[in-house]
Number of protein chains: 2
Amino acid sequence: MPDALTATDDVHHVDDSALRAFFGYRMKRSFNVIQADLALALKPFELRMLTFTALTLVVSNPGLRQSQLAEAMDVERPNLVTIVEELVRRDLISKERVPTDRRAYSLQATRQGRMLCAEATTAVTAHEEALLGGLDEEMRAGAIEAMNRIEQGRQRG
Amino acid sequence: MPDALTATDDVHHVDDSALRAFFGYRMKRSFNVIQADLALALKPFELRMLTFTALTLVVSNPGLRQSQLAEAMDVERPNLVTIVEELVRRDLISKERVPTDRRAYSLQATRQGRMLCAEATTAVTAHEEALLGGLDEEMRAGAIEAMNRIEQGRQRG
DNA sequence: TATTGTTATACTCTATAACTATA
DNA sequence: TATAGTTATAGAGTATAACAATA
């Protein structure tokens, strides 16, 4: 039975019940775990979450422009520059001027980029499977549905 | 009517199905929404998520030490310094040396701090209610349970 | 020797204004 | 004038090493 100021004797378990009432707090804590695990899964490929996301989107959408990629990733255009730069430097994607609009660049994954993306995807899938293994299908689907509604509630709310 | 390179003709909806398969990606997107809403709710009180979290924990745990607060918040000790500094500067919490261990500081919320915490808590609760209103109780409880298991899976996994 | 709080530092992610070259 | 990509910059959040005071 801890007793502040003088005591605080053992207190290895701080009372965070006031915070645990909040969805956002719970989500932050579990997202930290997910993100750390994802970073670990991507490390062998020298990818970060942002570069992995960008690479995957370019692989799935050949010819994508940077502005479209930025919008899809919910990232400001200036912040995408270094991400694209890094992927180009590593020969994972290439940039070509769009003939009909010489302001724009069209992004293409290289063969190497597609291969790395496939390998990284496999690794990430395995990591998530290990991390979420304790959750049955119903619970996982429910959580995903809840997250989808929250995301889509942005424009409504 | 934009027409990127060869294909990607209309593409206002980029194909992100390869990413949406990942729990981490879904979670990042919805967490961004939650976090932005939380920041909005806290802005009138000039609190950030981190200062709100710290304040709430000190209010709930009078006499808490910085090292315990850091551990509870999952923040490195050096990063807590400015957070505590800010709350002390605003007279929301106070630091007292622990008599029995003069290395440590014991944190106490001031009356003003407890009042601001209560008001902020009310605002955050209302914001979350509005944002999560579309989710029925079962779905919300399921999502929270899933997030708890993910967080606790860190040590197991 | 180990621990509490601190300083200094650096890296990532994010956000805004202003520039360039095209349209 | 508007847009695509860029530069420069600044602010958060986070992580590590090293220090002074104390245990």
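Below, chain A is the first sequence line, B the second, and so on; all start at residue 1. Computation of the quantities below employed the complete heavy-atom set of this structure, encompassing side-chain atoms and omitting hydrogens, waters and symmetry-equivalent molecules. Because the structure is predicted, anything quoted here is derived from the model rather than measured.
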For this session: Classify the nucleic acid contact of B:N79 as base, sugar-phosphate or nothing, counting any heavy atom under 4.0 Å across all strands shown.
Result: base

For this session: Answer yes or no: does a side-chain N or O of B:Q68 lie under 4.0 Å from OP1 or OP2 of C:dT4?
Result: no

Problem set entry | Given D:dA17, C:dT16, C:dG5, the nucleotide with the shortest approach to the side chain of B:P78 | D:dA17

Seminar exercise, completed: Here the distance between atom C1' of D:dA2 and atom CZ of A:R77, to the nearest Å, is 14 Å

Exercise. Any chain of hydrophobic side-chain contacts (each under 4.5 Å) joining B:V81 to B:L47?
Worked result: no

Seminar exercise, completed: In whole angstroms, the gap separating P of C:dC11 from CD of A:E46 amounts to 16 Å

Exercise. With a cut-off of 6.0 Å (strictly less than), are more than 12 heavy atoms of other residues, nucleotides or ligands near CD of A:E119?
Worked result: yes

For this session: Round to a whole Å and report the spacing from CG of B:L64 to P of C:dG5.
Result: 10 Å

Seminar exercise, completed: CG (B:L80) and CD (B:E85) are apart, to the nearest 0.5 Å, by 10.5 Å

Problem set entry | Candidates D:dG13, C:dC13, C:dA2 - which lies nearest the side chain of B:R103 | C:dA2

For this session: Considering only NZ, NE, NH1 and NH2 on the basic side and carboxylate oxygens on the acidic side, decide whether A:E151 and B:R20 come within less than 4.0 Å.
Result: yes

Exercise. NA contact type, B:L50, heavy-atom cut-off 4.0 Å: base, sugar-phosphate, or nothing?
Worked result: sugar-phosphate

For this session: Using atom CD of B:E85 as one end and atom C1' of C:dA8 as the other, report the distance to the nearest whole Å.
Result: 14 Å

For this session: Can you tell me the distance, in whole Å, between the CD atom of B:E76 and the C1' atom of D:dA12?
Result: 17 Å

Exercise. Charged N to carboxylate O under 4.0 angstrom, A:E129 versus A:R140?
Worked result: yes

Exercise. So, is A:K95 close to the D:dA4 phosphate, meaning a side-chain N or O under 4.0 Å from OP1 or OP2?
Worked result: no

Exercise. Could you state the CD1-P distance from A:I83 to C:dC13, rounded to the nearest angstrom?
Worked result: 7 Å

Exercise. Is any side-chain nitrogen or oxygen of A:S67 closer than 4.0 Å to OP1 or OP2 of D:dG5?
Worked result: yes

Exercise. Where the side chain of B:K28 is defined as all heavy atoms beyond and including C-beta, which of C:dT14, C:dA17, C:dT6 is the nearest nucleotide?
Worked result: C:dT14

Exercise. Could you state the CG-P distance from A:L47 to C:dC13, rounded to the nearest angstrom?
Worked result: 12 Å

For this session: Could you check B:D101 against A:M49 and say which one's nearest nucleotide on DNA chain C is further toward the 5' end?
Result: B:D101

Exercise. What's the CZ-C1' distance between B:R102 and C:dT4, to the nearest Å?
Worked result: 13 Å

